Amino acid sequence: MKKYNCLVIMFLLSLTCFAQGNTHTQGYGKFEGLAMTPPMGWNSWNTFETNIDEKLVKETADIMVSTGMAAAGYNYIVLDDGWMAKERDENGNLVPDPAKFPSGMKALVDYVHGKGLKFGLYNCAGTQTCAGYPGTRGYEYQDARFYASLEIDYLKYDWCNTAGINAPEAYATMSNALKTAGRPIVFSLCEWGDNKPWEWGKPIGNLWRISGDIYPCFDCEFHHEEGNWSSWGFMKIVEMRKDIRKFSGPDHWNDFDMMEVGDGMTNTEDKTHFTMWSMLASPLIAGNDFRKMSKETLAILTNKALIAVNQDKLGIQGFKFSEEEGVEVWVKPLFDGNWAIAFLNRTDGPKKINFDWKKNPIKDIDFGFEADFNKTIFKIKELWENKEAGTTKKNFIADIASHDVIVLKLIK
Ligand code: GLA
């Protein structure tokens, strides 16, 4: 009998162990629901590279609130590469650079949180970051605990110095480490699209870069002789990955990179850049120096109608509907049966638009939406001009300047 009792107890114990093990396994996978619309915020890299410090972050957070950017939806402040000291401490912990952050990183996170904003940091899946600071390879769980202890909200996780590493595994390991550390942190995969993260990233992260780095030009390729790599004008990135739209959606976004609005292009090109990031449902992460922001740049970044297109809760990445003599037409289905339509002039001179709605029914074959203008008449609102523009009964006729864009909302 004793032997029998013993067996029953052992059986029950093993069930408990199994149940615990199972719970642990189920805990894996990203924190769900942290990015149901494309994340919006600011990242330090495009303007400041590794020249970052706590003064810059505090001023950026202050301006984000005082200019109305926060009210427009920008809420993440993300410190990119260069926030760490060159070595880990004797216990293997990451060390925020004490010269750049004399008050400590936790105090800075608290400051940003105190403004009602969220805070993000950067690291790399490799042995070192791209700028040569300590990478996370082999320290995933320890670093995740560190980020959780700082109470950060966002981690951008890059892909330098990763020779021989399997990308899906490396990103899954960090995702699991964040989950195990227990603090909900948006996980931003920055793998440049090399290993098609759109095919495996959904259970692991909330967004993933789809290209190499952006460059502040309309359509150029900027080749870095040192290291033999290229950065890309924003239209190059748009073209590069326009065919992976079906992989993007709420909580799993194709990330077209931090924006270059306010970083040296013309206001027209900035407007077109912002339009495309909105049409493509890309994260809207500004990369300019807020302390020197012109009112034109601020107006572009905070345009409510365009932000609403980007943040539309259907969360569908727009697509190129047509292209004729350098004028492209991009469309994005919106919640409630409405559509956003962007006419974009790729050429170096002005163009005329004469768009016959009836001859151009729209079909979104990836997501199953359609608009047949013979059956349904839509009201038209011109979004940048903020004015009514008739209905789809008549052709849409307009002049469009070089590199400019006209964005319409079709309202049922
Ligand atoms: C890579 C990333 C950039 C930036 C730098 C930092 O190039 O793609 O966005 O994070 O590293 O070194």
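Numbers for residues simply follow the sequence, beginning at 1. Counting convention: from 1, in listed order, for ligands and their atoms alike. Treat the numbers as computed from the prediction; the structure is a model and nothing was measured. Both backbone and side-chain heavy atoms feed into the values below; hydrogens, waters and symmetry mates do not.
Annotation: side chain to side chain donor-acceptor pair (under 3.5 Å) contacts of Gln311 (sequence neighbours excluded): Thr37. Among residues two or more places apart in sequence or in another chain, the side-chain contact (heavy atoms from CB on, under 4.5 Å) test is passed with Ile397 by Asn354, Asn395.
At least one N/O-N/O distance between Lys156 and ligand 1 falls below 3.5 Å. Between Trp229 and ligand 1, a contact under 3.5 Å exists for no N or O pair. Taking only nitrogen or oxygen atoms, main chain and side chain alike, Trp45 does not reach within less than 3.5 Å of ligand 1.
Ligand-side atoms of ligand 1 in range of Met258: 9 (O), range being under 4.0 angstrom from any heavy atom. Annotation for ligand 1: atoms under 4.0 Å from non-hydrogen atoms of Cys130 are 1 (C), 11 (O), 12 (O). With ligand atoms numbered from 1 in the order given, ligand 1 contributes 6 (C), 10 (O), 11 (O), 12 (O) to contacts under 4.0 Å with heavy atoms of Tyr122. Interface of Trp192 with ligand 1, defined as ligand atoms under 4.0 Å from a residue heavy atom, comprises 2 (C), 8 (O).
At a heavy-atom distance under 4.0 Å, only side-chain atoms of Cys190, from C-beta outward, approach ligand 1. By the criterion of a heavy-atom distance under 4.0 Å, the side chain of Asp158, and not its backbone, is placed next to ligand 1.
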>> Let's go through Cys124 and Cys160 carefully: what are the C-alpha distance in whole Å and the side-chain angles of both, what is the deciding distance for disulfide bond (SG atoms under 2.5 Å apart) to 0.1 Å, and is it a yes or a no?
In response: CA-CA 6 Å; Cys124 229; Cys160 276; 5.0 Å; no
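Using a 4.0 Å cut-off between charged nitrogen and carboxylate oxygen, Lys320 and Glu239 count as a salt-bridge pair.
One N or O on the side chain of Ser44 and one on the backbone of Asp80 form a donor-acceptor pair closer than 3.5 Å.
Residue Asp213 places a heavy atom under 4.0 Å from ligand 1. Taking 4.0 Å as the cut-off, Arg209 counts as a neighbour of ligand 1 on heavy-atom distance. Within the structure, the closest approach of Trp159 to ligand 1 does not fall below 4.0 Å when heavy atoms are considered.
Counting protein heavy atoms only, atom 4 (C) of ligand 1 is closest to Asp80 OD1, 3.4 Å. The protein heavy atom nearest to atom 12 (O) of ligand 1 is Asp81 OD2, 2.8 Å.
A cation-pi contact, defined as under 6.0 Å to the ring centre and within 45° of the axis, is absent between Lys30 and Phe187. Cation-pi contact between Lys332 and Phe319: absent, since separation from the ring centre below 6.0 Å together with deviation from the ring axis within 45° is not met.
A donor and an acceptor atom, one from each side chain of Asp257 and Tyr215, are nowhere located under 3.5 Å apart. Thr173 and Glu140 are not linked by any side-chain donor-acceptor pair at a separation below 3.5 angstrom, with hydrogens and angles left out of the test.
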